[in-house]
Protein chains: 2
Amino acid sequence: MKKATIKDVARESGLSLGTVSKYLNGSRGVKQANQIKIKQAIANLRYSPDEYARGLITNKTKTIGLVIPEFNNLFYAQLASELELAIGSEGYTVVVCESFYDTEREKKNLLWFASHRMSALVVVPCGKNAENYDYLKSIDIPIIFLDQYIAGLNYEFVLVNNREVCETCIEYLLDNGHRDILMVVAPKGLYTSDERVNGYYDAYENRGLNVNEDLIMRVEENIDKAYYCIKKKLQETRCTALFAANFPNTFGSIFTINELKISIPDDLSFVGFDDMMLTKLFRPKLTMIDQPIAEIAMFAKRRIFELMLQKNFEYRITKLNCSFLVYDSVKDIRVK
Amino acid sequence: MKKATIKDVARESGLSLGTVSKYLNGSRGVKQANQIKIKQAIANLRYSPDEYARGLITNKTKTIGLVIPEFNNLFYAQLASELELAIGSEGYTVVVCESFYDTEREKKNLLWFASHRMSALVVVPCGKNAENYDYLKSIDIPIIFLDQYIAGLNYEFVLVNNREVCETCIEYLLDNGHRDILMVVAPKGLYTSDERVNGYYDAYENRGLNVNEDLIMRVEENIDKAYYCIKKKLQETRCTALFAANFPNTFGSIFTINELKISIPDDLSFVGFDDMMLTKLFRPKLTMIDQPIAEIAMFAKRRIFELMLQKNFEYRITKLNCSFLVYDSVKDIRVK
DNA sequence: ACCTAAAAATAAAACGTTTCACTTCTAAGG
DNA sequence: CCTTAGAAGTGAAACGTTTTATTTTTAGGT
């Protein structure tokens, strides 16, 4: 069945194009009697407006495009969900794509969104430097980056206090007598990794201790790779504590711990990143750094709507606070 | 900066609209020299075509809309990822929305996709009966349902052999001496739950045993609710085996098992549903039913492309096979 | 040089809406 | 019964493309 157009509705209801359009956009200034006729006609023809034609002329779509690395990373999945809930409640639609950590795919997705006149773009970027994002210059809608900061890019950034919370965490481990703390983190050049590593150094410095760089390991954001590398490293390195500094590494650590039958916290103390139900899933309960996902979503939403009202976008950089949740996976090994 | 249009490119390159358009759509029949001019102009103006105008006239968007219940359910998240990868490789874009198990939101999302002229629609439906989907009749593009069957709806369905694989699973438990098998499954009326429960009955019947209906518990698809209900039930019911018949219940079971310090398989035998890395995460390795997610995605992709070529859609119903993976979480309790 | 056929370029129509400047209708006030 | 202002309705233009029928250019053969 061919899709009905507004012209069909006009003919069927015996009214003009303009009147039907007026009805569709708020029905102010259309007679009661005619409103009924139009309603009837629409029902008969199963008419629904073509958003392509509408968007073409209004230039507004009430839709927001979101690009995240992948759904399989529960941190991003949950962030996407929260955003969809927050923004959806305002009558906006959120559509999501994955970049799979590939800047080309990310670009393709963002340009798809842009050429479909999204009202705003939200992205958890996977590129490392500003040149990767040159193509955004031709896009005339608000753009919001989440999670990762990219130097030299003048857009909105919503971040967390990676450095400070890691500093707190490592200080806690040091204060419990740990000296050989293995940190597993995403590759160099990513804002979050670099900041988290900086926090590690800060803590050691605060306590007047020297960092053994060999204990900082970089692994791509992939659970399987994390599992493999952590297993290998744990077998060949002496350490009393393990700090997994992102979600895939936390998962990978737990796989390894199970596989090698390591007893937490007796054989090894452990701190993870991104709660994601993991504290409930594992026994004993895991000490964790937890990102304020709901807060990030709410804040991003607020900024999106503020930016959409502006003519010239005034972008800001914001850092929200993570929680350091102390449970039972770290042992006090100080000699008394 | 105002976005450049094809007219600007035409002016800048000193050529006509039609020529530029020809260039954009394959550049056959445009002089080498002029191709260069156009390329230049496009680069200068940072021009990119407006897909709204283009879609309006071509009626083709090379985009597929996908609606799933939620990203937080790793089974759906992974299904979405696989689909995006499979379909993306053909030059199509996949955009995703969540329904949050709400038929109204599902409807809104599907209609959004339809009015944006998606080339096809894919949905893991959350509605229980055909009336919920009346509105689809006005949509003239191929529609593919995944995971859930809904009686009376003439669309493409890609399902799995829920009943048979559960039959196998329960037979295995019975053959290991278990008689009081607690099954936790999603609410009545959902195709997957009902089929899985049917498999439970089949197995008991095959072994000439009677089902204790009290041991079949229905819980909404929500990890927290699953956790709460399973904990309560386990404390007040005698059973030697627990069969969690979907992803949230599997997760919820593991939370409970940890919380109550139940030892698997000595205190209780356990079988879960939807592998999702869980066999690696838990010790001992869990016996599981695993859905062929990649296969579902590949098959769905094939059907999508077949359907898009047809004039009148010839829909089919397909069932793919799950695996029953035996590991170490079920104890043989037969008296020898 | 001239003719012709093929190749390239063009201009106008079409897609399905909203918007805007008009026209027509309605009802209240004199 | 006439006037008039406000409400309701109308039809054409516009949005940025592709498509088409048509015109212009190019190049090959005599």
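This is a predicted model, so every value here is computed, not measured. Chain letters run A, B, ... following the sequence lines, proteins first and then strands; every chain starts at 1.
Comment: B:E90 engages B:K301 in a salt bridge, judged by a side-chain N to carboxylate O separation of less than 4.0 angstrom. Salt bridge A:R302/A:E306: present, at least one basic N to carboxylate O contact under 4.0 Å.
Phosphate contact (OP1/OP2 of D:dG11, side-chain N/O of A:S16, threshold under 4.0 Å): absent.
For B:E51, the salt bridge (Lys or Arg N to Asp or Glu O under 4.0 Å) partners two or more places apart in sequence, or in a different chain, are B:R54.
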Inset, instruction - Report, as a single string ordered 5' to 3', how protein heavy atoms within less than 4.0 Å touch nucleotides 17-27 of chain D: B base, S sugar-phosphate only, - not at all. - result: BBB------S-

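For A:I38 and C:dT17, the CD1 to P distance is 14 Å, given to the nearest whole Å. What separates OH of A:Y23 from C1' of C:dT17 is a distance of 17 Å, to the nearest Å. Rounded to whole angstrom, the span from the CG atom of A:D8 across to the P atom of C:dG16 amounts to 9 Å. Per the geometry, CD belonging to B:E51 stands 18 Å off C1' belonging to C:dT17, to the nearest Å.
Sorted by first then second residue, the salt bridge (Lys or Arg N to Asp or Glu O under 4.0 Å) pairs that include residues 66-82 of chain A, not counting sequence neighbours, number zero.
Annotation: B:F71 is in aromatic contact with A:F71 [ring centroid separation under 6.0 Å]. Between A:F145 and A:Y315, a ring centre-to-centre spacing not shorter than 6.0 Å is recorded.
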